[in-house]
Visitor: 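Just dropping this structure here.
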There are 2 protein chains.
Amino acid sequence: MMKQTLTISIQDYLKHIYELTDDGKPASTNALAERLKIKPASVTGMVQKLASAKPALVEYQKHQGVTLTKEGERAALEVIRHHRLLEAWLVQTLGYSWDEVHDEAERLEHVISEDFERRIAAAMGHPLRDPHGEPIPTADLKMPLEDSTPLSAFRPNQTGVVQSVKSADDDLLRYLEALGITPGAQFEVKDYSSYDHNLTMKIGKKTSVLGLNITSKIFVEES
Amino acid sequence: MMKQTLTISIQDYLKHIYELTDDGKPASTNALAERLKIKPASVTGMVQKLASAKPALVEYQKHQGVTLTKEGERAALEVIRHHRLLEAWLVQTLGYSWDEVHDEAERLEHVISEDFERRIAAAMGHPLRDPHGEPIPTADLKMPLEDSTPLSAFRPNQTGVVQSVKSADDDLLRYLEALGITPGAQFEVKDYSSYDHNLTMKIGKKTSVLGLNITSKIFVEES
DNA sequence: ATAATAATTTAGGTAAGACTAAATTATTAT
DNA sequence: ATAATAATTTAGTCTTACCTAAATTATTAT
Ligand SMILES: [Mn+2]
Ligand SMILES: [Mn+2]
Ligand SMILES: [Mn+2]
Ligand SMILES: [Mn+2]
């Protein structure tokens, strides 16, 4: 159980690898590069380093992409817990809106102490989700099981509740908020177009037509 | 008016140069190195860089030490404002004690946004001093004038009020708190020893004898 | 005024983490 | 099965910010 502090860069790599391997498949060099906004060549270099670190943080084989080791996953969950707790805290105590919190949390996540983490978690009563509806890893670094499907899989007459919005795009978040699409919102699917995959949805009194680009980022529970 | 973000290292150099030049005299290479906990040779290198930056951040001549330019001073005050607002914020909203806040603020000061700065300042009602009694630079980056003298200059029968404690040593801070020596505390000097410069002080019901090492770090106003 | 000492600077190196350009390997379409 | 294309890796640079060792300059004591 090594407690050596990982660099901010490494923390970001691990966090993004965690998110990219959510589907069980290894994260590709290019996908990681795009997420991290750096060049693929740089990713290869770092990934090789992480794979040969004292306790290896990732599993890596040339051209096969990367996955996290147990150690790497722990470190990733630590960063994700920081990030999501911070987002919740910024909203709850400083009046940030859900489209403003991500960038601030992105920088704070790497520098807060474990003590700070504990204090904000306790101050908020140990919240289970961040402002976007994403689950917050527990203090012992277990990621709560998710039970939600992408809205894009829904079809007319199905109803449900919005659980989370997986996006850090502040324009999109403001747009969705204006439509009433935020965690907890109830909706009914009214129409579906097989050509462009548009979904017509009723939320409250509003009816909105959403493209696949959006519906694939909204996760919901059927009801 | 350049808004290019300075590196964390540079921000720390400027902050420490500000504090070291408080007395009007330039900061020496060695003094800076000690504060920054790096080697003097490294300080020389950085200081040369800061002096020849696009808008120069410091004034520097070989063997003469450094002082801040207007630009450098602005940047230093920005960091110091962050630091002190953060310390106040940590105490007021998360229950930190005055001996716990410094290290946390030391890391956060470099990554919070101007928006975050504004929000915590407003949430606290724009406090004038940090938990150690140090003045917080205003939003337009003016350092409030200080009107306090070191306790070490006091002699028997003089009375006063503690204004600030200039120390980041958490052991010392806890010790002083136990003696009742915190900002706002009233005291009377009972005795002075010219041999060791010890001062015997009465604070509330407690009487304590403090050495020069401590009395030179406590700043007070006579009353 | 000199010599010893202290402070500072120069020179040369290292480690992180990025980049570009070129080479290699995989995948896809013909 | 080949050829074209896409993804990935290698090799070599660059910048930042440190370091050590050696040289230089300043200060202090004799
Ligand atoms: Mn986020
Ligand atoms: Mn980050
Ligand atoms: Mn402080
Ligand atoms: Mn700092």
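Proteins get letters first, then strands, A, B, ... in listed order; numbering begins at 1 in each. Just so you know, these numbers come straight off a predicted model, no measurement behind them.
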Visitor: Dump every N/O contact between nucleotides 24-29 of chain D and the protein below 3.5 Å, one line per pair.
Guide:
none

Visitor: Run the numbers on A:His102 and A:Asp170 for side-chain contact (heavy atoms from CB on, under 4.5 Å), then give the verdict.
Guide: CA-CA 9 Å; A:His102 186 78; A:Asp170 49 334; over 6 Å; no
Visitor: Please determine whether the number of non-hydrogen atoms from other residues, nucleotides or ligands lying under 6.0 Å from atom CD of B:Gln158 exceeds 12.
Guide: yes
Visitor: Considering only distance and modelled atom types, tabulate donor-acceptor pairs under 3.5 Å from the side chains of residues 143-154 of chain A, sequence neighbours left out.
Guide:
| unit_1 | atom_1 | unit_2 | atom_2 | d |
| --- | --- | --- | --- | --- |
| A:Glu146 | OE1 | A:Arg129 | NH2 | 3.4 |
| A:Thr149 | OG1 | A:Val220 | O | 3.4 |

Visitor: Let me have DNA chain D in dot-bracket notation, would you? Count Watson-Crick plus G-U wobble pairs, both distances under 3.5 Å, and use [ ] for pairs crossing earlier ones and | for inter-strand partners.
Guide: ||||||||||||||||||||||||||||||
Visitor: Kindly list each side-chain donor-acceptor pair under 3.5 angstrom involving residues 25-39 of chain A, sequence neighbours excluded, with atom names and distances?
Guide:
| unit_1 | atom_1 | unit_2 | atom_2 | d |
| --- | --- | --- | --- | --- |
| A:Ser28 | OG | A:Ala31 | N | 3.0 |
| A:Arg35 | NH1 | A:Glu19 | OE1 | 2.9 |

Visitor: How long is the span from the CG atom in B:Leu86 to the CG atom in B:Leu90, to the nearest 0.5 Å?
Guide: 6.0 Å
Visitor: Considering residues, nucleotides and ligands other than B:Leu128, do more than 12 of their heavy atoms fall under 6.0 Å from its CG?
Guide: no
Visitor: Strictly by modelled atom types, are B:Ser113 and B:Asp115 linked by a side-chain donor-acceptor pair under 3.5 Å?
Guide: no
Visitor: Separation of B:Asn30 atom CG from C:dT8 atom C1', in whole Å?
Guide: 7 Å
Visitor: Nearest whole angstrom, please: distance from the P of D:dT16 to the CG of B:Leu50.
Guide: 12 Å
Visitor: Do A:Asp12 and A:His110 have side-chain atoms, one donor and one acceptor, less than 3.5 Å apart?
Guide: yes
Visitor: Are OP1 or OP2 of D:dA7 and a side-chain N or O of A:Ser28 less than 4.0 angstrom apart?
Guide: no
Visitor: Are side-chain heavy atoms of A:Thr93 and A:Ile120 found at a separation under 4.5 Å?
Guide: no
Visitor: Considering residues at least two apart in sequence or located in another chain, which fulfil the salt bridge (charged side-chain N to carboxylate O under 4.0 Å, His left out) criterion with A:Glu87?
Guide: none
Visitor: Take the protein atom CD of B:Gln61 and the nucleotide atom C1' of C:dT9, then report the distance between them rounded to whole Å.
Guide: 15 Å
Visitor: With respect to the side chain of A:Ala41, which nucleotide from C:dT9, C:dA7, D:dT9 is positioned closest?
Guide: D:dT9
Visitor: Between the protein and nucleotides 16-18 of chain C, are there any N/O to N/O pairs under 3.5 Å, and if so, what are the atom names and distances?
Guide:
| unit_1 | atom_1 | unit_2 | atom_2 | d |
| --- | --- | --- | --- | --- |
| C:dG17 | OP1 | A:Thr7 | OG1 | 2.6 |
| C:dG17 | OP2 | A:Lys49 | NZ | 2.4 |
| C:dA18 | OP1 | A:Ser9 | OG | 3.0 |
| C:dA18 | OP2 | A:Tyr13 | OH | 3.4 |

Visitor: Can you see whether B:Ser167 engages B:Asp169 through a side-chain donor-acceptor pair at a distance of less than 3.5 angstrom?
Guide: no
Visitor: B:Tyr60 has a side chain; which of C:dT10, D:dT9, C:dT9 sits nearest to it?
Guide: C:dT9
Visitor: Send over the distance from B:Leu32 CG to D:dC18 P, rounded to a whole Å.
Guide: 12 Å
